[in-house]
Amino acid sequence: MVEKIQHKYPGSTVEELNLVDIGIPHLQPEVLRTFFIAEDQLTVEEKKLIRLSNDLVYQLFAADIIVIGAPLINYTIHSALKAWIDHITRAGITFGYSENGPVGKVTGKKGLCCHVVRWCLFGRTR
């Protein structure tokens, strides 16, 4: 998939983020709490707690095309992808609310999601 995109958009750069390898932690209450504090009111410790989430959000906004390649495990996404989604889902930053309901704020991007589905039954891959 990435090769096709590079062919279509020559000169583009690829930034790979292997969520399993970097070990994004699952969202903890103390980190979630920092999402609702104004940045100028965060303590030094709170700034450390929110740094990873902020970095992931900055990376998301910097991308023109987002490709997610993910296996389905027990009919759902990998927990590493879920952790990433939890860190980038930020009220007032990546989404907001209008009189008509939720509104996405990550705009002007192309997104592709590739699900890898493989299953094994009695030791035989199908």
Side-chain angles (χ1 to χ4, degrees):
M1 180 64 68
V2 173
E3 293 82 15
K4 289 181 181 181
I5 294 170
Q6 287 178 303
H7 180 72
K8 186 173 181 175
Y9 301 100
S12 60
T13 58
V14 174
E15 184 175 348
E16 182 178 339
L17 182 63
N18 187 318
L19 301 176
V20 174
D21 287 350
I22 65 170
I24 295 175
H26 292 279
L27 202 54
Q28 299 298 312
E30 59 272 10
V31 176
L32 179 61
R33 191 177 62 75
T34 66
F35 291 3
F36 303 98
I37 301 172
E39 192 169 341
D40 62 341
Q41 295 178 1
L42 291 169
T43 66
V44 172
E45 183 60 33
E46 289 167 336
K47 287 178 184 178
K48 288 179 187 175
L49 290 171
I50 201 171
R51 176 181 286 144
L52 173 62
S53 179
N54 282 344
D55 290 347
L56 294 171
V57 168
Y58 298 145
Q59 184 183 43
L60 176 68
F61 275 111
D64 294 317
I65 301 172
I66 300 149
V67 178
I68 298 173
L72 290 177
I73 301 170
N74 292 331
Y75 304 105
T76 190
I77 62 175
H78 191 281
S79 65
L81 179 56
K82 171 69 166 86
W84 178 76
I85 292 169
D86 287 346
H87 279 276
I88 63 163
T89 305
R90 303 269 301 274
I93 299 173
T94 58
F95 76 95
Y97 295 99
S98 74
E99 60 278 353
N100 297 321
V103 177
K105 293 188 171 204
V106 182
T107 60
K109 312 218 177 279
K110 294 180 189 247
L112 302 164
C113 188
C114 311
H115 290 290
V116 178
V117 179
R118 254 182 98 185
W119 56 281
C120 186
L121 181 63
F122 303 113
R124 292 178 28 198
T125 303
R126 296 191 180 207

Please tell me if the side chains of [X] and [Y] come closer than 4.5 Å, counting only heavy atoms from C-beta onward.
{"X": "Ile66", "Y": "Lys110", "answer": "no"}
{"X": "Leu17", "Y": "Leu56", "answer": "yes"}
{"X": "Asn54", "Y": "Arg90", "answer": "yes"}
{"X": "Ile77", "Y": "Ile85", "answer": "yes"}
{"X": "Thr89", "Y": "Phe95", "answer": "yes"}

To check you understand the geometry: which heavy-atom pair defines the closest contact between [X] and [Y], and what is its length?
{"X": "Pro25", "Y": "Ala83", "value": "O-CB, 3.8 Å"}
{"X": "Gln59", "Y": "Glu15", "value": "NE2-OE2, 2.6 Å"}
{"X": "Ile24", "Y": "Leu19", "value": "CD1-CD2, 3.5 Å"}

From [X] atom [atom1] to [Y] atom [atom2], the distance as rounded to the nearest 0.5 Å:
{"X": "Lys8", "Y": "Glu3", "atom1": "NZ", "atom2": "CD", "value": "15.5 Å"}
{"X": "His87", "Y": "Leu32", "atom1": "NE2", "atom2": "CG", "value": "10.0 Å"}
{"X": "Gln28", "Y": "Thr34", "atom1": "CD", "atom2": "OG1", "value": "12.0 Å"}
{"X": "Glu45", "Y": "Ile50", "atom1": "CD", "atom2": "CD1", "value": "12.5 Å"}
{"X": "Leu42", "Y": "Ile37", "atom1": "CG", "atom2": "CD1", "value": "5.5 Å"}
{"X": "Ile68", "Y": "Trp84", "atom1": "CD1", "atom2": "CH2", "value": "4.5 Å"}

Q. Who pairs with Glu99 by side chain to side chain contact (heavy atoms under 4.5 Å, CB included), at least two apart in sequence or on another chain?
A.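 Scan of Glu99 (side chain to side chain contact (heavy atoms under 4.5 Å, CB included), adjacent residues dropped) gives none.
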Side-chain donor/acceptor of [X] to backbone N/O of [Y], under 3.5 Å:
{"X": "Thr76", "Y": "Ile73", "value": "no"}
{"X": "Thr94", "Y": "Val106", "value": "no"}
{"X": "Glu46", "Y": "Thr43", "value": "yes"}
{"X": "Ser12", "Y": "Tyr9", "value": "yes"}

Q: Output all residues satisfying side chain to side chain donor-acceptor pair (under 3.5 Å) with Arg51, sequence neighbours left out; order by chain, then residue number.
A: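 For Arg51 there are no side chain to side chain donor-acceptor pair (under 3.5 Å) partners, ignoring immediate neighbours.
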(Q) Applying ring pair (Phe, Tyr, Trp, His ring centres under 6.0 Å) as the test, list every pair that has at least one member in residues 15-48; sequence neighbours left out. (A)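 Qualifying pairs: none.
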Q.
Do Leu60 and Val103 sit in one hydrophobic cluster, given that two such residues count as connected whenever their side-chain heavy atoms are within less than 4.5 Å of each other, even indirectly?
A.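 Different clusters: Leu60 never reaches Val103 through Ile, Leu, Val, Met, Phe, Trp or Tyr contacts under 4.5 Å.
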